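This report concerns only the one structure given below.
In what follows, residues are counted from 1 in the order of the sequence shown. These figures come from a predicted structure and were not determined experimentally. First listed ligand is number 1; within each ligand, the first listed atom is number 1.
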Amino acid sequence: MKIFLSCDIEGVSGLVDFDDGGLNGKRYPDFAKIMSEEVAAVCALFPSETELFVKDAHMHAKNIPLSAMPDNATLMSGWSGHPYNMVQGLDESFDAMLLVGYHDQAGSDGSPAAHSFTGEVYSLKINGEYMSEFDIALMTASMLGVPTIFVMGDERITQKAGSLVPGIVTIPTKYGVGAAIASRTSSYNIQLVNQSKDQIEQILAGDKTDFIIELPKKFEIEIEYSRQHLAYHNSFFPGCELSGPRTIRFETDDFYEALRLFHFVI
Ligand SMILES: [Zn+2]
């Protein structure tokens with residue numbers, strides 16, 4: 001069995017805002033530790049013969065120390081420059097993908113740390129729908145035929161996951177109110193992870209096709225930036241057009257081309 005995990009920080013227990021997740025944040029070391037512990041708890045759901053591949057996918061992608069990982073895990077730290085971005089390392093050979101520390105999307109109000117990929121993206125839409133990092137990970141995994149079976153993160157993203165993938169195991173860590181969050185403790189949320197073991201085993205033993213979404217036939221992508229000059233600059237990407245003062249538009253029927261676009265313009 002091969003299991004892929006992608007891990008972010010903004011959705012972990014207790015983290016409030018970008019300051020908490022940034023290198024200069026006074027509380028950053030605490031949250032890097034909580035992120036590592038929550039990821040380790042998810043790793044521990046699997047027996048030692050399971051091959052785990054863990055992608056550290058926040059900021060410089062060097063938040064999780066290798067020493068926090070079990071011996072059956074391979075940890076990818078840093079950014080290679082591959083368009084799969086937060087799920088780099090994923091391929092058709094994996095039996096399932098699990099996401100930890102995921103969070104609400106740009107253009108939404110479910111978390112003070114809501115964003116999609118960078119702070120410069122005011123909103124990212126595909127076919128008129130706001131896209132989160134979860135959506136993009138889910139679509140990438142679905143493109144590769146890999147089921148997305150688990151997401152742990154803020155309440156808003158776990159709700160979205162539940163509506164897009166009925167049956168997915170969701171562990172909400174906290175919810176946002178304006179510039180605040182209200183969170184359960186990490187140890188409580190880790191107990192919920194431990195309690196999900198049977199459910200995960202059942203999913204893995206059954207027909208997992210329900211955890212793979214059907215991708216749209218066509219992707220009409222609209223990216224609105226916080227600053228107008230970025231839209232102007234990025235509108236020169238092949239196939240892109242400037243559709244508003246801060247917005248670019250791109251159309252494709254191949255999701256990989258959408259990932260290539262994101263790789264260069266966000
Ligand atoms: Zn993120």
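With a cut-off of 2.8 Å, the Zn ion (ligand 1) has an N, O or S atom of His103 in range.
Residue pairs meeting the side-chain hydrogen bond (donor to acceptor under 3.5 Å, both in side chains) criterion with at least one partner in residues 190-200, sequence neighbours excluded, are Lys197-Glu201.
With respect to Asp135 and Lys160, a salt bridge is recorded, a charged nitrogen being found less than 4.0 Å from a carboxylate O.
When the N, O or S atoms of Asp8 are ranked by distance to the Zn ion (ligand 1), OD2 comes first. Distances from the Zn ion (ligand 1) to each N, O or S atom of Glu133 single out OE1 as the nearest.
Connectivity analysis of hydrophobic side chains (ILVMFWY, heavy atoms under 4.5 Å, direct or indirect) links Ile181 to Val16.
For the pair Lys62 and Trp79, the cation-pi criterion (under 6.0 Å, within 45° of the ring axis) is not fulfilled.
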